Amino acid sequence: MSTTNDDFPTDRPAVVTCGLPYANGDLHIGHLRGYIGADAFSRALETLGQETAYVSGSDMHGTPIAVNAEQEGVDPEDFALEWHEQYAETFPKFNVEFDNYGHTHDETNTELTREIVRTLDEEGYIYEKEIQVAYDPDADQYLPDRYVEGTCPYCGAKARGDECDEGCQRHLEPGEVEDPKSTVTGNPAEYRGRTHKFFEVSEFADFLTEFLDGLEGTSNARNQPRQWIEEGLQDWCLTRDMEWGIDYPNGDNETTEDIVLYVWVDAPVEYISSTKQYAERVGTDEYDWRRVWEDDGEIVHIIGRDIIQHHTIFWPAMLEGADYNTPRAVAATGFITINGKGLSTSRNRAIWANEYLDEDFHPDLLRYYLTTTGGLQQDVDFSWDAFQEKVNGELVGTVGNFWYRSLLFAYRNYEGTPETDVSEEVSERIEGAIGDTREAVNDYSLRDIGQAATQLAQFGNEYIQRNEPWKLTDDDPERAAQVIRDCVQIAKAVGVLLEPIAPEKAQHLWEQLGETGDVADAHLEDALEAPPRTFDEPGELFAKIEDDRVDELNEKLAERVAAAGGDEDEGEGEETETETDDTTTDESTAMADTDALEPLLEDRIGFEDFQELDIRVGRIESAEGIDGADDLAKLEVDIGFETRQIVAGIKQLHDLGELPGEKCILLANMEPAELFGVESNGMILAAGDEADLLTTHDAAVIGEKVQ
RNA sequence: AGCGGGAUGGGAUAGCCAGGAGAUUCCGGCGGGCUCAUAACCCGCAGACCGGUAGUUCAAAUCUACCUCCCGCUACCA
């Protein structure tokens, strides 16, 4: 370990994986970024001449699937399989071609997972411990992971049973979450003692530190786990009280019936299982999966940044403990935003995989966009406008145009590739691009892989323009042939170099050049090999995206988000800055010492600004506390036109039973918000920390405007 | 308030890990050229004291410390 790795290509077999798709819902552009990225990277490795397998599989276990299946009243296996099949059908449509795509519930993975756990057990890395497990007395069942919600013991945020997903992002061990509540019945859960299996991750701290020192990929995948190690590693509970999953192996062939392995135990093992399935299909002479996983192969994981911990702590520790090879690289991608805002499936602010396909855009366009916009670990914004700009500018204008003009010129004047050698200037330039590509792969930079190709095409445009062969065909036919010969070579080179990113388009070019076979099988050197002497009339490979098309797409998206109750207003929220200048004070009624009061704002607002506030008189119809919140109460408030549900932070400050019937003053055009899962549609006005409710003293009518 | 990511010409981005030439590329603006090509392509011009302050150094966009601001997820909503 920790010695410097040889550059790709090496003489060892490599495996590239993407994070396992969780068989629980539709795929969107955020998922696609990972699968396409890993696909492109594995293709690029092959172009370098590296022997590579690209494998993955659906992640079938875990509580979310169990919970969702239960809600739909179907078997978890059927539920997950249905998604699994849908995924398997979707990937090829994006030219994501796995050498093997399995799933975690299949025989191979079940066996291999048990075997690895058995080994860890034999090696003494697993021990038993009784822990407190949340239990729902009403439903008479234990509540692993997401069957339970509560409070994070570290940061106090609301957390799921397995992870502080909204707060500090920490992985939570069973029994850690405080104030547990059952997600099955909503009732408070109680903790009961149960015996579970633990993996001694803490024993691997030194190993992991060294492992991280030698780990390639993105920096976030190295730095984040270092902090966790410094803070002290906790042992990892491997088992759960539930039925859906892989039974814990006991002894030789026995399994323990009432506990299963935690989903994150068997999920990464699928990387190995899937590789194994691939090797068994093509023959282990063809691809030596044991060498990869048990000896010295190159393992590259491309994942989302939300699962760094699993891939840089638990997984390498498992591999090391069971005497397997550990990853060479973990590359963690950033997230995708849509029009500058966070992708949100619940708000339907997302570009869905099927939606993209229904719009009939070529998959390679999206591949190009997702891999070359921003660095791998950067968050990348998607908008149809940017998509159009990128496609029209770079793919149509630069690459497509160069391909077409070169081949067309060559076809018309020479019926193919002119018979002469490539000039030195051009072959050197192509070699430069080859070098850039090699470097980009070794930097795990997909963007640079794409850029090497695009920039070569740009050079091609420049070259043909500078030499003006259309002027030379009559005056200096030899020179003209030379220039076109060069251009055809550049075109071919661009195809070879762009194949990882845009495989299908590159293949079309390949065929236009009269090449046989697949461009996917071409290696870097082939960029310098002459294309066939003759080829047919070429066609345009990329089409422009028109403006009205983009308008249409933007509208569709906006409508959809609005329909899902989104917030496309935001307008001009003129946040008045709370100047802490002590603009002196108030002469108000009460006895408060002014130091304790919030200073008056200096900025004045106009009457128009005030008019934007729709303040109304309302009457509280009902009030009840919100479970789990100290202060929040859910109110139903009659405002004349309608009754609004409003969340207010007054639970402890008022006797909720006395509120119904009370008049109150509220801001009616407050942007809706969600608190503790409860929608709040307006804001009750109250004074100070004691939430002294504002009201009217005379006969104001419900719904009347305050001005 | 917590966690994460940022701040580079009008917009978007690279360079930062391994400090040193005129700070990259794309879009947009302005001017010119070409006509083989999808009103494409090529050339030129304008435009950035690389968020701020202090430090390390012969040398800082790049390293260190502090600060400010932005974005995402989250948010006990007055």
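Throughout, a chain's letter reflects where its sequence line sits, starting with A, and its residues are numbered from 1. Because the structure is a prediction, the values reported are computed rather than measured.
Note on A:G334: nothing from the nucleic acid sits closer than 4.0 angstrom, heavy atoms only. When heavy atoms are screened at a 4.0 angstrom cut-off, A:Q377 is found touching no nucleic acid atom at all. Using a 4.0 Å heavy-atom criterion, one finds that A:R466 contacts no nucleic acid atom at all. At a threshold of 4.0 angstrom between heavy atoms, the contacts of A:Q451 with the nucleic acid are absent. Nucleic acid contact for A:K471: sugar-phosphate only, since backbone atoms but no base atoms lie under 4.0 Å from a heavy atom of the residue.
B:rA14 and B:rC26 have their C1' atoms separated by 11 Å, with the value rounded to a whole Å. Nucleotides B:rG51 and B:rU62 place their C1' atoms 15 Å apart, quoted to the nearest Å. Taking the P atom of each, B:rA23 and B:rC50 are spaced 11 Å apart, rounded to whole Å. When the P atom is used for both B:rG19 and B:rA60, the distance is 13 Å, rounded to whole Å. Distance check on atom C1': B:rU35 versus B:rC41 gives 9 Å, rounded to whole Å. Nucleotides B:rC42 and B:rG28 have their P atoms positioned 12 Å apart, rounded to a whole Å. Nucleotides B:rU68 and B:rU53 are separated by 15 Å at their P atoms, to the nearest Å. Taking the C1' atom of each, B:rC76 and B:rU64 are spaced 39 Å apart, rounded to whole Å.
Separation of atoms CG (A:L498) and CG (A:D364) is listed at 8.0 Å; rounding is to 0.5 Å. The CG atom of A:D476 sits 10.5 Å away from atom CG of A:N467, with the distance rounded to the nearest 0.5 Å. Here the CG atom belonging to A:D6 is positioned 10.0 Å from the CG atom belonging to A:N442, to the nearest 0.5 angstrom. Considering OG1 of A:T333 and CD of A:Q378, their distance stands at 11.5 Å, rounded to 0.5 Å. Here the OG1-OH distance, from A:T454 to A:Y368, works out to 3.0 Å after rounding to the nearest 0.5 Å.
Taking the charged nitrogens against the carboxylate oxygens, A:K181 and A:E149 have no contact shorter than 4.0 Å, which rules out a salt bridge. For A:D360 and A:R549, the salt-bridge test fails: no basic side-chain N is under 4.0 Å from an acidic carboxylate O.
The side chain of A:Y404 approaches B:rU38 more closely than any other nucleotide in the set B:rC26, B:rC77, B:rU38. Set against B:rG6, B:rC42, B:rC27, the side chain of A:E389 has B:rC27 as its closest nucleotide. Side chain of A:R305, nearest nucleotide from B:rG4, B:rC41, B:rC26: B:rG4. For A:E462, the side-chain atoms get nearest to B:rC42 when compared with the rest of B:rC42, B:rA37, B:rA14.
Nearer the 5' end of RNA chain B, as judged by each residue's closest nucleotide, is the contact made by A:L408, out of A:L408 and A:T398. Nucleotides of RNA chain B nearest to A:D379 and A:R447 differ in position, and the one nearer the 5' end is that of A:D379.
For B:rC26, the OP1/OP2 oxygens have a side-chain nitrogen or oxygen of A:Q458 closer than 4.0 Å. Using a 4.0 Å cut-off, no side-chain N or O of A:Q455 falls inside it from OP1 or OP2 of B:rU25.
For the pair A:R429 and A:Y463, the NZ or CZ position fails the cation-pi test of under 6.0 Å to the six-membered ring centre and within 45 degrees of the ring normal.
When atom types are taken as modelled, the side chain of A:N413 and the backbone of A:F409 share a donor-acceptor pair closer than 3.5 angstrom.
By the 5.5 Å and 30° criteria, A:F409 is not stacked with the base of B:rC36.
Per the geometry, CD belonging to A:Q388 stands 14 Å off C1' belonging to B:rC26, to the nearest Å. Rounded to an integer number of Å, the gap from CG of A:L456 to P of B:rU25 is 16 Å. We find that NZ of A:K390 is positioned 10 Å from P of B:rA14, with the value rounded to whole Å. The nearest whole Å value for the distance from the OH atom in A:Y369 to the P atom in B:rC27 is 15 Å. The distance from atom CD1 of A:I336 to atom C1' of B:rC73 is 16 Å, rounded to the nearest whole Å. Taking atom CG on A:D381 and atom P on B:rU13, their separation rounds to 8 Å, with Å as the unit. Atom CG in A:N401 sits about 9 Å away from atom P in B:rA40, given to the nearest Å. In this structure, CH2 of A:W470 is placed 13 Å from P of B:rC41, rounded to the nearest angstrom.
Every salt bridge (charged side-chain N to carboxylate O under 4.0 Å, His left out) that A:K390 has, sequence neighbours left out, goes to A:E394.
Below 30°, between 30° and 60°, or above 60°: for A:W403 and A:F542 the angle between ring planes is below 30°, a parallel geometry. The aromatic rings of A:H508 and A:H362 stand perpendicular to each other, their planes meeting at an angle above 60°, with 30° marking the opposite boundary.
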remark   = Encoded 5' to 3' (Watson-Crick or G-U under 3.5 Å; [ ] crossing; | other strand), RNA chain B becomes (((((((..(((.......[....))).(((((.......))))).....(((((..]....))))))))))))....

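Within residues 539-551 of chain A, the residues approached by RNA chain B to less than 4.0 Å at the level of any non-hydrogen atom are A:E540, A:L541, A:F542, A:K544, in residue-number order.
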